[in-house]
Amino acid sequence: QYGETKVQSLQPTLIEYSSPNTNKPLHLGHIRNNLLGYSVSLILEACGKNPIKVNLINDRGIHICKSMLAWQKFGKGETPESANMKGDHLVGKYYVEFDKHYKTEIQTLKSQGMSDEEAAKQVPLMLEAQEMLRKWENGDEKIHALWQMMNDWVYAGFDQTYRRLGVDFDKTYYESKTYLLGKALVEEGLQKGAFYRKADGSVWVDLTAEGLDEKLLLRSDGTSVYMTQDLGTAELRYEEFYPSQMIYVVGNEQNYHFDVLKLVLEKKLGKEFGKEIHHLSYGMVELPCGKMKSREGTVVDADDLMEEMILQARESTEALGKIDFTSEENSKLFEMIGLGALKYFILKVDPKKNMLFDPAESIDFNGNTAPFIQYTHARIKSLLRKALADQVDLKVQNSDDIHLGINEYDLIKMLYAYPQVVALAGENFSPALIANYVFELAKDFNRFYQEVPIFKEEDEEIRRIRLQISQFVALVIKQGMRLLGIEVPEKM
RNA sequence: GGCCCCGUAGCUCAACUGAAUAGAGUAUUUGACUACGGAUCAAAAGGUUACAGGUUUGAAUCCUGUCGGGGUCACCA
């Protein structure tokens with residue numbers, strides 16, 4: 001029952017993760033982000049904290065206008081229904097479409113003798129997109145209707161992806177509603193003399209004394225930038241929840257951004273809550289060919305990947321000839337194994353580190369993998385079913401006078417360590433610690449299982465002890481895997 | 001170029017934050033009771049922890065330098 005306590009009166013711990021853009025579907029990088037955020041929230045909960053999961057959807061800006069414009073120009077009224085496509089994929093298709101036309105137009109301009117820079121400034125399609133953004137910001141009704149419609153398509157798609165991945169949120173913020181925040185803080189900083197205004201009206205903060213650069217906080221036209229919004233959003237959340245900690249699950253490419261964010265809040269503005277911000281920075285998922293780039297089509301799509309994993313689980317299971325279940329049980333099992341393998345593959349790596357994903361070799365089902373652990377669990381459950389059928393009483397009668405073998409001793413020691421592992425994982429925000437522990441436990445059990453007879457053991461008392469150890473191992477495996485967001489089957 | 005992160009078996013990852021012989025998985029080779037479920041287990045082999053110095057009783061871990069890889073330095077988010 002580790003992990004089931006939740007003290008409501010505790011100050012909450014805010015954890016932001018996922019934070020997608022609404023111009024394209026989720027990919028492998030988001031998967032690492034989502035799995036981490038969700039798992040860390042479960043681990044914190046198990047450590048007696050009160051996590052609140054929040055998502056901040058980037059639903060406005062030039063990139064969304066690109067998709068909108070491309071759809072308007074080339075879409076011929078296509079909808080997710082008419083195209084028989086998930087909404088996020090459809091919108092993503094037009095984002096790519098925009099880029100294609102953009103490149104053609106820029107080529108045309110260059111062939112007319114323009115320089116790269118000149119051409120980039122004058123691409124008609126880009127000018128139109130910028131015009132669209134201006135209209136959006138001025139509240140143009142038609143543009144807002146289009147924006148709303150296409151975003152709704154995307155949300156429907158995201159919901160499906162999130163649900164399949166098994167993650168959720170307590171609260172969702174939309175950037176369209178928060179992007180104006182932070183201006184008051186900028187004003188405050190100006191009055192304190194922490195920031196300064198340049199001749200063109202733009203506002204800056206000088207962090208050169210802290211070893212960083214000068215950073216823009218407000219454009220010369222008075223509009224806010226990413227940093228401004230993040231300052232404002234942090235304050236908003238602080239006032240809304242009074243959290244003891246605010247965790248941001250964001251890739252390590254934004255380390256610099258968060259250094260600045262903390263510095264500005266803590267040192268420049270003297271905000272206490274700046275201290276409570278923690279950037280849970282995770283490494284990138286690299287492909288054998290290098291970094292993922294959406295424009296070059298080298299992204300691994302989240303939906304495709306999940307589908308592929310589940311398919312592989314099916315094939316492996318059928319190859320092993322284990323299909324004496326009903327078809328409904330089957331599909332549930334294949335999801336459990338396929339998604340389990342994917343989640344474990346990603347979570348077992350230290351979050352801080354970059355990791356490699358090779359689609360060709362795909363994800364193994366043997367060795368240090370979720371299916372291995374799931375198999376161990378299923379096997380123990382099978383033992384326990386047999387014990388139940390044979391009406392074996394698991395209760396150890398006389399625990400004083402028992403000689404444990406080295407295998408039993410090791411397993412018991414291992415089981416005892418579990419709460420410490422969870423605590424450590426909580427302190428370090430590292431699901432990997434739990435993954436590695438559970439794997440060790442499963443491995444130790446398999447050795448035990450292989451080397452030591454259970455039902456064939458003649459001494460009744462020893463038999464009971466072995467069964468009980470098995471039962472506990474299964475329990476801890478199940479609990480540990482649950483903290484990774486991975487389910488574990490009764491049989492497989 | 002400035003700043004930040006990383007470099008551990010062929011490959012993918014560990015190493016309780018400075019401790020004793022650097023561990024797993026995978027790939028390779030070999031073996032396992034007519035099975036309590038073989039998606040398992042056992043064994044062999046695989047390393048000068050990128051390199052060179054330094055600190056320490058003790059370094060993969062801390063410091064300095066070199067080489068190699070990545071990130072970041074937008075009036076994008």
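Below, chain A is the first sequence line, B the second, and so on; all start at residue 1.
- A/Glu487 CD: 12 or fewer foreign heavy atoms inside a 6.0 Å radius.
- For B/G37, one of the phosphate oxygens OP1 or OP2 lies less than 4.0 angstrom from a side-chain nitrogen or oxygen of A/Tyr449.
- Between A/Thr369 and A/Asn446, the one whose closest nucleotide on RNA chain B sits nearer the 5' end is A/Thr369.
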key: Heavy-atom protein contacts under 4.0 Å, nucleotides 7-13 of chain B, coded B base, S sugar-phosphate only, - none   = -----SS
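- The side chain of A/Arg385 places no N or O atom within less than 4.0 Å of a non-bridging phosphate oxygen (OP1 or OP2) of B/G37.
- Contact between the side-chain N/O atoms of A/Arg219 and the OP1/OP2 oxygens of B/A74 is not found at any separation under 4.0 Å.
- Comment: A/Lys443 engages A/Glu440 in a salt bridge, judged by a side-chain N to carboxylate O separation of less than 4.0 angstrom.
- By the rule that a glycosidic angle within 90° of 0 means syn, B/U17 counts as syn.
- For B/U72, neither phosphate oxygen OP1 nor OP2 lies less than 4.0 angstrom from any side-chain nitrogen or oxygen of A/Tyr256.
- Listed by chain and number, the residues in a salt bridge (charged side-chain N to carboxylate O under 4.0 Å, His left out) with A/Glu253 are A/Lys291 (sequence neighbours excluded).
- One finds no side-chain N or O of A/Arg447 lying less than 4.0 angstrom from the OP1 or OP2 phosphate oxygen of B/U40.
- For an aromatic pair to be called close, the ring centres must be under 6.0 Å apart, and A/His257 with A/Tyr226 satisfies this.
- In A/Lys121, the NZ atom is not crowded: 12 or fewer heavy atoms of neighbouring residues, nucleotides or ligands sit closer than 6.0 Å.
- Using a 4.0 Å cut-off between charged side-chain N and carboxylate O, A/Arg60 and A/Glu137 make a salt bridge.
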